[in-house]
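The next block holds one structure in the form of structure tokens; read it before the comments.
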Amino acid sequence: MQHWLFKTEPETYSIADLKREGRCGWDGIRNYQARNRLRDEVAVGDQVLIYHSSCAEPAVVGLAEVCGAARTDPYQFDPDARYYDPRSTPDQPRWVLVDLLFKEVFATPLTLKAIKADALFADMELVSKSRLSIQKVAPAQFDAILNRCRAG
DNA sequence: GCCAACGTTGGC
DNA sequence: GCCAACGTTGGC
């Protein structure tokens with residue numbers, strides 16, 4: 001079982017949206033490195049930290065679990081969708097999504113500021129490869145984040 | 001809204 | 001396969 005951090009812009013899709021819906025297809029990933037991870041490495045049962053980016057206070061805000069392995073992202077075929085890709089065809093789809101199950105909204109979100117201020121998190125991809133939207137999280141860091149986020 | 005970092009495209 | 005031009009991300 002692996003640990004991940006998935007980024008989302010809360011104006012587009014937030015942890016509150018995931019809580020309300022209970023589960024969702026994590027669509028719209030249009031970056032090859034992120035796609036390859038979804039397709040080859042993310043597995044059912046993996047734990048996923050949800051991170052809000054491009055907002056007033058970027059932070060880790062909640063927890064989800066992978067409940068469905070990679071499948072074709074249908075929006076790549078929809079000309080009206082934001083995530084339309086005219087080079088994708090149904091026999092040769094480029095993009096996949098995984099399905100997530102809502103688990104938890106954190107009592108205390110861990111802000112990017114706090115992550116950057118703590119040496120424990122210095123080698124996180126969030127710090128070193130900040131643009132990658134599907135990030136790996138080491139078990140020790142995952143546990144530390146959970147502990148901080150669940151504390152009052 | 002700015003801009004640095006970095007991913008993608010396409011001509012050669 | 002190189003690399004310049006261009007597009008996107010995301011913190012600030």
Side-chain angles (χ1 to χ4, degrees), chain A residues 2-21 24-43 46-64 66 69-100 102-138 140-142 144-151:
Chain A
Q2 289 211 81
H3 305 91
W4 303 94
L5 181 150
F6 286 10
K7 291 197 283 190
T8 183
E9 298 183 14
E11 282 189 21
T12 303
Y13 194 82
S14 71
I15 190 70
D17 293 322
L18 180 56
K19 180 179 184 182
R20 180 164 33 79
E21 295 179 358
C24 74
W26 201 258
D27 55 60
I29 299 299
R30 296 292 180 269
N31 165 284
Y32 291 106
Q33 195 177 352
R35 187 276 313 267
N36 292 347
R37 286 181 170 183
L38 289 182
R39 187 189 59 196
D40 303 334
E41 299 185 62
V42 175
D46 285 358
Q47 302 297 298
V48 179
L49 298 167
I50 303 297
Y51 174 85
H52 282 174
S53 67
S54 296
C55 58
E57 184 121 270
V60 179
V61 294
L63 182 68
V66 178
R71 60 185 172 91
T72 301
D73 181 342
Y75 292 105
Q76 66 196 301
F77 307 126
D78 178 355
D80 297 326
R82 175 184 174 189
Y83 300 118
Y84 178 57
D85 185 342
R87 297 159 304 184
S88 273
T89 61
D91 17 331
Q92 288 215 311
R94 289 187 173 209
W95 308 111
V96 300
L97 57 76
V98 299
D99 290 285
L100 293 187
F102 171 77
K103 295 202 71 172
E104 180 175 351
V105 175
F106 291 138
T108 313
L110 185 62
T111 64
L112 178 61
K113 197 176 162 190
I115 290 169
K116 284 182 168 174
D118 193 326
L120 180 62
F121 303 124
D123 64 347
M124 281 189 71
E125 290 184 338
L126 198 60
V127 177
S128 64
K129 284 190 185 181
S130 62
R131 297 186 53 198
L132 185 57
S133 60
I134 303 294
Q135 306 202 348
K136 295 183 187 184
V137 179
Q141 289 165 341
F142 180 85
I145 291 171
L146 271 197
N147 285 336
R148 281 165 214 221
C149 289
R150 284 172 173 163

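Since the structure is predicted, the reported quantities are computational estimates derived from the model, not experimental observations.
Rounding to the nearest 0.5 Å places CG of A:Leu100 at 10.0 Å from CG of A:Leu63. Of the inter-residue distances, the one linking A:Tyr75 atom OH with A:Leu97 atom CG reads 9.0 Å to the nearest 0.5 angstrom.
Taking only side-chain atoms of A:Asn31, from C-beta outward, the nucleotide of B:dT9, B:dG7, C:dG11 with the closest atom is B:dG7. Listed nucleotides: B:dT9, C:dT8, C:dG11. Nearest to the side chain of A:Arg131: C:dT8. Of all nucleotides listed (C:dG10, B:dC6, C:dC12), C:dG10 comes nearest to the side chain of A:Lys7.
Across all strands, A:Lys116 comes closer than 4.0 Å only to sugar-phosphate atoms, never to a base (heavy-atom distances).
Aromatic ring pairs are classed by plane angle as parallel below 30°, tilted from 30° to 60° and perpendicular above 60°; the pair A:His3 and A:Phe142 is tilted.
Between A:Arg82 atom CZ and C:dG7 atom P the separation is 17 Å, expressed in whole Å. With rounding to whole Å, A:Asp85 atom CG is found 12 Å from B:dT8 atom P. What separates CD of A:Glu125 from C1' of C:dG10 is a distance of 16 Å, to the nearest Å. For A:Met124 and C:dG11, the CE to P distance is 13 Å, given to the nearest whole Å. The separation between A:Arg94 atom CZ and B:dT9 atom C1' is 11 Å, rounded to whole Å. In this structure, A:Lys129 places its NZ atom 14 Å from C1' of B:dA5, rounding to the nearest Å. A:Arg87 has its CZ atom 7 Å from the P atom of B:dG10, to the nearest Å. One atom, CG of A:Leu132, and another, P of C:dG10, lie 9 Å apart when rounded to the nearest Å.
The shortest distance between the side-chain N/O atoms of A:Tyr32 and the OP1/OP2 oxygens of B:dC6 is not below 4.0 Å.
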Please list, one pair per line, the donor and acceptor atoms closer than 3.5 Å that link side chains of residues 86-93 of chain A to other protein atoms, with sequence neighbours excluded.
from: A:Arg87; atom 1: NE; to: A:Asp85; atom 2: OD1; distance (Å): 3.1
from: A:Ser88; atom 1: OG; to: A:Gln76; atom 2: OE1; distance (Å): 2.7
from: A:Ser88; atom 1: OG; to: A:Arg94; atom 2: N; distance (Å): 3.3
from: A:Thr89; atom 1: OG1; to: A:Gln92; atom 2: N; distance (Å): 3.1

